[in-house]
Structure formats: structure tokens, C-alpha cells
Amino acid sequence: MSSLSLIRKVACLPFLLVALAVAGCVTQETFNAQVIRTNNFQRQLAEEEKRSADLTAEIARLKNQVVELEAQNRALTAQLKEAKAQVVRSLEEVGRLQDEIKQARAAAVAPLGAAAPISKARGVAPSSTEPPDRLDELKDNAASPLMKSNAGTPSPAAP
């Protein structure tokens, strides 16, 4: 029985080889098309990976720029606040000096028997030598948050 089974195996072998050859083989055209398709996918993948890396670098650069701009904004806001405070101090000094001048003029005129100077009424424009009185307005602006004062006033270019 062993020789009979060996003969059967040998007889089946050509059928198996033909079946494998027919089922497992592809034409050269199909193979080349698949190779080209695979190469295209690999090229596209490489391009997208490069693009992704470029975009990631751009995101990191923009995040750094945002941090730098925020720091610059904080510094400029502090400078603006200090400048407003300095203007308030200067206007307070101007007001104090104007009061001293008025008192000195009143003292100079008083011995001659003239009446004391009349204080300026509200709503009257200052003389050409007198600076406008904006001290109260500047104090209000210096006390309020900077962003609030900027947000409430529309820009001249805004419609």
C-alpha cells in the first residue's frame, strides 16, 4: 500500500503545481502596477510627514512669538501706566504752582488795598498762559484698568 500511495502522490504533484501556478501567479503588468501604486503611497506618506513636521515647527514658532508679544505687551502696559502716573504728578505740581502764583499775586495786591482775586468759575476756558485743567480726567484714567479705558473708546477709524 505504500507504493500505491506513493504513486498517487506523484500523480497528484503535477496537478498541485499547475493549480498553484494558476492561482498564485500574477502577470508582470499587475505586479508592476502594484509596485508603482505602493511607491506612490510611500512618496505621499513621506511628503505628508514632512509637511506635518514643517507645520509643527511653525506652530512652535508662533507659540514662542505669542509669548514674546504678551511679555512685550505687559512691559508696554507698565510703561503706559507709569507715564500716566507721571502726567498726573506733573499736573498736580502745575496746579500747586498755579495756586502759589495766585497766592503770591494776591499777597502782592493785598497791601495796596485791592480785593482778593476771584477764583475761576467752572466751565470757563483757561487763559492762554494757563494750561487746561485735566487733572481729574487723568486721575480717573490712571485709576481705571488700562484695557477698560481702551476698550470703551472707539478708534477714530472705526465706522
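Between the CD atom in Q34 and the CG atom in N39 there is a gap of 11.0 Å [rounded to 0.5 Å]. To the nearest 0.5 angstrom, Q98 atom CD is 9.5 Å from L91 atom CG. Atom CZ of R96 sits about 10.5 Å away from atom CD of E92, to the nearest 0.5 Å.
N32 and Q28 share a donor-acceptor pair across their side chains, judged by distance under 3.5 Å alone.
Evaluation of the side-chain hydrogen bond (donor to acceptor under 3.5 Å, both in side chains) rule for R37 yields no partner, not counting sequence neighbours. Residues that satisfy the side chain to side chain contact (heavy atoms under 4.5 Å, CB included) test with E47, not counting sequence neighbours, are R43. Under the rule for a side chain to side chain contact (heavy atoms under 4.5 Å, CB included), the partners of E29 that lie at least two apart in sequence or sit in another chain are T27. Considering only residues two or more places apart in sequence or on other chains, L97 meets the side chain to side chain contact (heavy atoms under 4.5 Å, CB included) condition with E93, E100. By the side-chain hydrogen bond (donor to acceptor under 3.5 Å, both in side chains) test, E49 is found to be paired with no residue, residues two or more places apart in sequence or in another chain being considered.
When atom types are taken as modelled, the side chain of S52 and the backbone of E48 share no donor-acceptor pair closer than 3.5 angstrom.
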Distance-only donor-acceptor hits, side chain of residues 59-70, under 3.5 Å, sequence neighbours excluded:
unit_1 : atom_1 : unit_2 : atom_2 : d
R61    : NE     : E58    : OE1    : 3.4
R61    : NH2    : E58    : OE2    : 2.7
N64    : ND2    : A60    : O      : 3.4

